[in-house]
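Since this is a predicted model, take the numbers as computed values, not measurements.
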Amino acid sequence: MPIYAEITLVVNGTGHRLSVDTRASLLDVLREDLGLTGSKKGCDHGQCGACTVLLDGRRANGCLALAVAHDGAEVVTVEGLAKDGRLSPLQEAFIEHDAFQCGYCTPGQLCSATGMLDEAEQGWPSAVTGDLGADTVLDDEEIRERMSGNLCRCGAYAGIVAAVRQAAQRREAAGT
């Protein structure tokens, strides 16, 4: 018999009080209880990244996060990346560079890239960062390493890397 718990989540800026099965993943709550179907259930084992969301500002696999463990958390899904009806610069870059084919992985790629750009901006190194004392340079090798947890079965990686690189360059030029 399922056990339910009352939790609060702030999803894409809107607060939600929910009664959730204590076994439910964050992904299932987002999709089934809140109707936010942008995040996809790919492998359901945390290996493909299709379910990536931003959880309290950090990238997280929604399929591995128990919803009850994140009471009070702020969650951003792909539906929350656009602001005031305008796509984010990263979303625009994905379109410009045809960084998707079937589109199934795209929501997770977009959320992961958004979080990754924030991490790089904060100076977080990756496994391929050569000089830990220098400013992070998001070249293709860095982008590939930082996005390695997000798989694309269609092989749109060239477009994804180009889109992320463009968004990073535009962020840097804008000083944000």
Side-chain angles (χ1 to χ4, degrees), residues 9-14 25-31 34 36-67 69-70 72-83 86-97 99-100 103-129 132 135-152 156-157 159-176:
L9 294 174
V10 178
V11 182
N12 300 330
T14 302
S25 70
L26 179 60
L27 176 64
D28 288 337
V29 169
L30 292 169
R31 291 181 58 80
L34 297 179
L36 297 170
T37 58
S39 302
K40 304 300 185 220
K41 185 178 280 199
C43 66
D44 210 22
H45 289 87
Q47 297 176 353
C48 72
C51 63
T52 304
V53 295
L54 299 174
L55 182 58
D56 290 329
R58 302 222 18 221
R59 299 184 279 176
N61 289 329
C63 73
L64 295 181
L66 285 175
H70 298 287
E74 290 189 31
V75 180
V76 176
T77 67
V78 70
E79 292 93 344
L81 296 179
K83 300 290 183 224
R86 181 167 168 75
L87 296 177
S88 73
L90 182 63
Q91 289 170 307
E92 291 174 349
F94 262 61
I95 292 169
E96 269 183 61
H97 290 278
F100 48 85
Y104 198 83
C105 73
T106 305
Q109 297 275 1
L110 285 163
C111 285
S112 186
T114 299
M116 182 272 292
L117 289 171
D118 291 342
E119 293 164 9
E121 196 171 272
Q122 294 168 29
W124 294 17
S126 79
V128 298
T129 302
L132 299 180
D135 288 340
T136 303
V137 176
L138 288 176
D139 58 18
D140 289 0
E141 182 182 26
E142 276 284 344
I143 293 168
R144 283 188 194 99
E145 170 62 26
R146 291 170 183 265
M147 294 294 294
S148 64
N150 291 81
L151 303 179
C152 173
Y157 295 114
I160 292 166
V161 170
V164 173
R165 184 180 348 97
Q166 176 180 305
Q169 291 168 345
R170 287 184 178 168
R171 246 188 195 205
E172 189 176 318
T176 59

How long is the span from the OH atom in Tyr104 to the SG atom in Cys152, to the nearest 0.5 Å? 13.0 Å
Which pair of non-hydrogen atoms, one from Gly46 and one from Leu64, has the smallest distance, and what is that distance? CA-CD1, 3.6 Å
State, to 0.1 Å, how close Leu90 and Ala163 come at their nearest heavy-atom pair, and which atoms those are. CD1-O, 4.2 Å
Distance check, rounded to the nearest 0.5 Å: Leu34 atom CG versus Thr77 atom OG1? 9.0 Å
Would you sort out whether Asn150 and Tyr157 count as a side chain to side chain contact (heavy atoms under 4.5 Å, CB included), showing the intermediate values? CA-CA 10 Å; Asn150 291 81; Tyr157 295 114; over 6 Å; no
Would you say Thr129's side chain and Leu132's backbone share a donor-acceptor pair under 3.5 angstrom? no
Arg144 vs Val161 side-chain heavy atoms within contact, under 4.5 Å: yes
Donor-acceptor contact present, side-chain Gln91 to main-chain Leu110, <3.5 Å: no
Mind listing the closest non-hydrogen atom pair of Ser39 and Arg31 along with its distance? O-NH1, 2.7 Å
Apply salt bridge (charged side-chain N to carboxylate O under 4.0 Å, His left out) to Glu119 and Arg58, showing your working. CA-CA 8 Å; Glu119 293 164 9; Arg58 302 222 18 221; 5.1 Å; no
CA sep, side-chain torsions, deciding dist, call: Arg146, Thr136, side chain to side chain contact (heavy atoms under 4.5 Å, CB included): CA-CA 12 Å; Arg146 291 170 183 265; Thr136 303; 3.4 Å; yes
Under the side chain to side chain contact (heavy atoms under 4.5 Å, CB included) test against Gln109, which residue among Thr114, Val78, Val164, Ile160 passes? Ile160
Taking all atoms of both residues into account, what is the closest heavy-atom pair of Gly108 and Thr52, and its distance? O-CB, 3.6 Å
Identify the heavy atoms of Ala162 and His97 that sit nearest to each other, and give their distance. CB-ND1, 3.5 Å
When you measure from the side chain of Asp56 to the backbone N and O of Ala73, does any donor-acceptor pair fall under 3.5 Å? no
Taking 4.0 angstrom as the limit, do Lys41 and Asp28 come out as a salt bridge? yes
Hey, could you give me the CD/CG distance between Glu145 and Leu138, rounded to the nearest 0.5 Å? 12.0 Å
Would Val76 and Asn12 count as a side chain to side chain contact (heavy atoms under 4.5 Å, CB included) if you check the C-alpha gap in whole Å, the side-chain angles of each, and the deciding distance to 0.1 Å? CA-CA 5 Å; Val76 176; Asn12 300 330; 3.8 Å; yes
Here the pair of heavy atoms bringing Gly115 nearest to Arg59 is CA-CG, 3.9 Å
Would you sort out whether Met147 and Ser112 count as a side chain to side chain contact (heavy atoms under 4.5 Å, CB included), showing the intermediate values? CA-CA 7 Å; Met147 294 294 294; Ser112 186; 3.8 Å; yes
Sequence neighbours excluded, which residues qualify as side chain to side chain contact (heavy atoms under 4.5 Å, CB included) partners of Gln169? Arg165
Rounded to the nearest 0.5 Å, what's the gap from CG on Leu66 to OG on Ser25? Could you check? 7.5 Å
Between Asp118 and Arg171, is there a side-chain N and carboxylate O pair less than 4.0 Å apart? yes
Would you compute the distance between atom OG of Ser126 and atom CE of Met116 and round it to the nearest 0.5 angstrom? 9.5 Å
In Å and rounded to the nearest 0.5 Å, what is the CG to NE2 distance from Leu55 to His70? 5.0 Å
